[in-house]
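Please read the structure below before turning to the comments.
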Amino acid sequence: MNTRCPELREGCRVVCPVGEIDLATAPAFRDQLRGNDAALPGCVVVDLRGVTFIDSSGLQELRTAQARCEAVGGWVRLVYDHEAIHLLIRLSGYAEDFPRYTGVEDAWRGHPVDSGELLSR
């Protein structure tokens, strides 16, 4: 896994991992979510469109980041278009916790995809 980002947008971290997120790369993913310091920003947009595979260890890092953000009144929002990511989130029971966003702008503004809309793959 490598990264095309992160960047900050009005206090919101935008993370764009690329490749696979699994047990071997989960620590690097956690570092991306946290940033350069130990304090996680209040809001994080995670653009997963460049991710080819994610397993439960990556999902656990997302849940940990979400819990930390929610503790300070923030959120974690996911951008993705891969059916495998959608299935992992849905089958794990986290579909309500992580609704799908089509782009960073939509995620930042809080405009998720309509739950009835199919993935574009």
Side-chain angles (χ1 to χ4, degrees):
M1 182 195 72
N2 56 32
T3 182
R4 298 176 306 203
C5 305
E7 63 184 60
L8 286 176
R9 178 180 181 155
E10 297 184 33
C12 183
R13 176 170 291 287
V14 178
V15 177
C16 306
V18 176
E20 297 183 357
I21 302 174
D22 56 20
L23 187 60
T25 59
F29 184 48
R30 178 179 51 245
D31 291 345
Q32 285 183 347
L33 293 170
R34 287 180 155 227
N36 293 332
D37 57 18
L40 189 67
C43 61
V44 179
V45 173
V46 185
D47 186 346
L48 297 172
R49 292 177 290 185
V51 171
T52 56
F53 174 82
I54 184 170
D55 69 7
S56 60
S57 59
L59 186 58
Q60 182 58 43
E61 294 302 337
L62 289 170
R63 295 280 299 147
T64 299
Q66 180 185 51
R68 291 188 63 191
C69 286
E70 287 178 350
V72 296
W75 43 259
V76 172
R77 295 180 181 156
L78 306 183
V79 176
Y80 61 91
D81 58 3
H82 298 293
E83 183 66 25
I85 295 172
H86 174 71
L87 286 173
L88 175 67
I89 291 168
R90 187 170 54 88
L91 295 174
S92 299
Y94 298 130
E96 287 186 29
D97 295 329
F98 293 118
R100 184 174 76 91
Y101 294 85
T102 58
V104 172
E105 184 72 23
D106 287 339
W108 185 73
R109 294 187 183 280
H111 299 300
V113 172
D114 182 350
S115 61
E117 186 176 325
L118 297 176
L119 291 175
S120 60
R121 260 180 105 77

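Note that CZ of Phe98 and CD of Gln66 are 4.0 Å apart. Values are rounded to the nearest 0.5 Å. From Arg109, atom CZ reaches atom CZ of Arg77 across 11.5 Å, with rounding to the nearest 0.5 Å. Interatomic distance, Trp75 CH2 to Cys69 SG, rounded to the nearest 0.5 Å: 8.5 Å. If you take CD1 on Ile89 and CG on Leu62, they are separated by 7.5 Å, rounding to the nearest 0.5 Å. Interatomic distance, CZ of Arg49 versus SG of Cys16, reported as 7.5 Å (0.5 Å rounding). Taking NE2 from His86 and CG from Leu91, the interatomic distance works out to 8.5 Å, rounded to the nearest 0.5 Å.
Partner Glu61 forms a salt bridge (Lys or Arg N to Asp or Glu O under 4.0 Å) with one of Arg34, Arg30, Arg68 and no other, that one being Arg30.
Scanning both residues, Val51 and Pro17, for their nearest heavy atoms gives CG2-O, 3.6 Å. Pairing each heavy atom of Leu23 with each of Ser57, the nearest pair is N-OG, 3.1 Å. Taking every heavy atom of both residues into account, Trp108 and Val45 meet most closely at N-CG2, 4.1 Å. Considering all non-hydrogen atoms of both residues, Ala107 and Val79 come closest at CB-CG2, 3.9 Å.
Not a single side chain to side chain donor-acceptor pair (under 3.5 Å) links Thr52 to another residue, sequence neighbours left out. Checked against side chain to side chain donor-acceptor pair (under 3.5 Å), Gln60 has the following partners two or more places apart in sequence or in another chain: Thr64. Applying the salt bridge (Lys or Arg N to Asp or Glu O under 4.0 Å) criterion to Arg63, with sequence neighbours excluded, gives Asp97. Annotation: side-chain contact (heavy atoms from CB on, under 4.5 Å) contacts of Asp22 (sequence neighbours excluded): Glu20, Ala24, Thr25, Phe53, Asp55. In this structure Pro112 satisfies the side-chain contact (heavy atoms from CB on, under 4.5 Å) test together with Pro99, Tyr101, sequence neighbours excluded. Considering only residues two or more places apart in sequence or on other chains, Leu88 meets the side-chain contact (heavy atoms from CB on, under 4.5 Å) condition with Ile54, Leu59, Ser92.
Here the side chain of Arg100 pairs no donor or acceptor atom with the backbone of Val113 at under 3.5 angstrom.
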>> For a side-chain contact (heavy atoms from CB on, under 4.5 Å) check, start with the C-alpha distance between Ile21 and Leu48, then their side-chain angles and the critical distance, and finish with the verdict.
In response: CA-CA 10 Å; Ile21 302 174; Leu48 297 172; 4.2 Å; yes

